[in-house]
Protein chains: 2
Amino acid sequence: MRADARRNYERLLACAHEAFTEHGADASLEDIARRAGLGIGTLYRHFPNREALLVALLSARLRGLTTYIDELAGQEPAEAFANWVRASCEHGKTYRGIAIGVMSMVLGDRTEFDDACAAAKAAGDRVLVRAQEAGAVRPDITRAHLVALVQGLILATEDDPELFDTLLSVVLAGLSG
Amino acid sequence: MRADARRNYERLLACAHEAFTEHGADASLEDIARRAGLGIGTLYRHFPNREALLVALLSARLRGLTTYIDELAGQEPAEAFANWVRASCEHGKTYRGIAIGVMSMVLGDRTEFDDACAAAKAAGDRVLVRAQEAGAVRPDITRAHLVALVQGLILATEDDPELFDTLLSVVLAGLSG
DNA sequence: CGACAAACGGAGGTAGCCTCCGTATGGTCG
DNA sequence: CGACCATACGGAGGCTACCTCCGTTTGTCG
């Protein structure tokens, strides 16, 4: 990959992040190219369609989340667990709209995204198991339960950060072993 | 309202339902007008923009759900409660994508939609209170809890009906008084 | 430094959004 | 019953976005 190509790839991802968080998954691709100071043709060479750009962006962000989760290994189990839940909520809030857009798209090769998902799940499982082994979290809880709790929490408290904090503390207390 | 206008209004809503469930909130408005055998101008007179059409459609559906919930008054409390949860899940599944599109839109007069929401909530509360008074449902559960549970359930079990049924039975068992 | 594969840019064809206004028609009143 | 007009309809047209295609530019390697 040529140096200019890599530079432009990164620039496009950064501008796509801005545009998608501002306007949702419907953001104009031409606007993204303009923000990056590049032609629309360049955007389409790197990402053949909207889905490809979204998948690349989400995958990059998921990799970032995975890195953070792995760093939680240095914290005590209960604290690491709480931080994991919190980070997942934050990630879910920011990318809920975008992720739903991606989910509704079909077909195509989503290997990259699937891999990033699997990695994030595995990293989360490690934190969960550790917390459970330390007796900080009920042993019957699974990651699927937490996904459901987190998503429900986010949707039920839309636009009410105070309610969100209250319910999150309730959930965390309820999960303690 | 003239007779032809009312007929066309209904026809547009029906075709919008088809199109939105097929293609999500991004469905083409021109396609909706075509399906209804009407000009695009007619669609825009009845619904000045996409949001207005979505709001009208969701409101109509919510009113239908409210009617169903009210009919549950004839069933025994525990059964009515379970049916309410089930119907809410069904409604949420079908309209999740569309509803999210609506939620992300801002400003404008949403009185009609707000009223429909309030009515559905009130009807649900009646069923909940009755079930709790009969001792069929834990007294500390609120409708907000159920919204969170339901939404989380739907999101966590995307594309896996079997898992959905399993988790739903778990939730219903867990809610019993 | 020169050559060429790799990358860029943007014109252009298509389609959807929404507006505007000329045309058609349902309902009402003499 | 017929004529009038407010109400409603249709679609052309201006705009913007999507995506493709190809002529031009540029990084890299011998």
Side-chain angles (χ1 to χ4, degrees), chain A residues 1-58 97-98 100-102 104-110, chain B residues 1-58 97-98 100-102 104-110:
Chain A
M1 202 173 189
R2 245 163 63 173
D4 54 344
R6 169 151 297 283
R7 190 171 55 242
N8 289 335
Y9 181 91
E10 302 294 350
R11 212 195 289 232
L12 282 168
L13 268 194
C15 293
H17 173 66
E18 270 182 36
F20 284 134
T21 49
E22 264 173 45
H23 303 111
D26 293 333
S28 159
L29 299 189
E30 307 215 333
D31 176 50
I32 290 172
R34 270 195 298 274
R35 285 176 195 235
L38 298 169
I40 185 67
T42 301
L43 184 150
Y44 275 96
R45 167 129 3 88
H46 285 294
F47 310 100
N49 51 52
R50 177 183 300 275
E51 178 183 6
L53 179 53
L54 281 167
V55 167
L57 181 56
L58 276 174
I98 297 176
I100 284 163
V102 169
S104 69
M105 294 176 187
V106 274
L107 307 170
D109 185 10
R110 284 191 279 180
Chain B
M1 203 173 189
R2 246 165 60 176
D4 54 345
R6 169 150 299 281
R7 191 172 53 242
N8 290 335
Y9 181 90
E10 301 294 350
R11 210 194 291 235
L12 283 168
L13 268 193
C15 293
H17 173 66
E18 270 182 37
F20 285 135
T21 49
E22 263 172 47
H23 303 112
D26 293 333
S28 158
L29 299 189
E30 307 216 335
D31 176 50
I32 290 171
R34 271 195 299 273
R35 285 177 195 234
L38 298 170
I40 185 66
T42 301
L43 184 149
Y44 275 96
R45 170 132 10 70
H46 285 295
F47 311 101
N49 51 51
R50 177 182 299 275
E51 178 183 7
L53 179 53
L54 282 167
V55 167
L57 181 56
L58 275 173
I98 298 176
I100 285 163
V102 170
S104 69
M105 297 175 186
V106 275
L107 307 169
D109 186 8
R110 285 191 280 183

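Note: hydrogens, waters and symmetry copies are ignored here, and every other heavy atom, side chains too, is used.
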Asker: Counting primed atoms plus P, OP1 and OP2 as sugar-phosphate and everything else as base, spell out the protein contacts along nucleotides 8-19 of chain D at 4.0 Å heavy-atom distance: B, S or - for each nucleotide, 5' to 3'.
Answerer: SBBBB----SBB
Asker: State, to the nearest 10°, the angle formed by the axis through the first five base pairs of the helix from dC1(C)-dG30(D) to dG30(C)-dC1(D) and the axis through its last five.
Answerer: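 What I find for the helix from dC1(C)-dG30(D) to dG30(C)-dC1(D) is an axis angle of 0°.
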Asker: Take the protein atom CG of L12(A) and the nucleotide atom C1' of dC8(C), then report the distance between them rounded to whole Å.
Answerer: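 Rounded to whole Å, this separation is 12 Å.
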Asker: Identify, with sequence neighbours excluded, every residue that meets side-chain hydrogen bond (donor to acceptor under 3.5 Å, both in side chains) alongside E30(B).
Answerer: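 Residues passing side-chain hydrogen bond (donor to acceptor under 3.5 Å, both in side chains) with E30(B): none at all.
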Asker: To check you understand the geometry: which heavy-atom pair defines the closest contact between L53(A) and L29(A), and what is its length?
Answerer: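 Looking at all heavy atoms of both residues, the shortest contact is CD2-CD2, 4.0 Å.
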Asker: Could you list the residues that satisfy side-chain hydrogen bond (donor to acceptor under 3.5 Å, both in side chains) with N8(A), not counting sequence neighbours?
Answerer: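 With sequence neighbours excluded, N8(A) shows a side-chain hydrogen bond (donor to acceptor under 3.5 Å, both in side chains) to no residue whatsoever.
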Asker: If the condition is side-chain hydrogen bond (donor to acceptor under 3.5 Å, both in side chains), which residues does R7(A) pass it with, not counting sequence neighbours?
Answerer: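 R7(A): no side-chain hydrogen bond (donor to acceptor under 3.5 Å, both in side chains) contacts found.
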Asker: Suppose we screen for ring pair (Phe, Tyr, Trp, His ring centres under 6.0 Å). Which residues come up paired with F47(B), at least two apart in sequence or across chains?
Answerer: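 Per chain and number, F47(B) pairs via ring pair (Phe, Tyr, Trp, His ring centres under 6.0 Å) with Y9(B).
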Asker: List the residues meeting salt bridge (Lys or Arg N to Asp or Glu O under 4.0 Å) with R34(A), not counting sequence neighbours, and say none if there are none.
Answerer: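 For R34(A), no residue satisfies salt bridge (Lys or Arg N to Asp or Glu O under 4.0 Å) once neighbours in sequence are set aside.
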Asker: With sequence neighbours excluded, what pairs up with N49(A) under the side-chain hydrogen bond (donor to acceptor under 3.5 Å, both in side chains) test?
Answerer: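 Partners of N49(A) by the side-chain hydrogen bond (donor to acceptor under 3.5 Å, both in side chains) criterion come out as none, since no residue qualifies.
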Asker: Apply salt bridge (Lys or Arg N to Asp or Glu O under 4.0 Å) to D26(A) and list each qualifying residue two or more places apart in sequence or on a separate chain.
Answerer: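 Checked D26(A) against salt bridge (Lys or Arg N to Asp or Glu O under 4.0 Å); zero matches.
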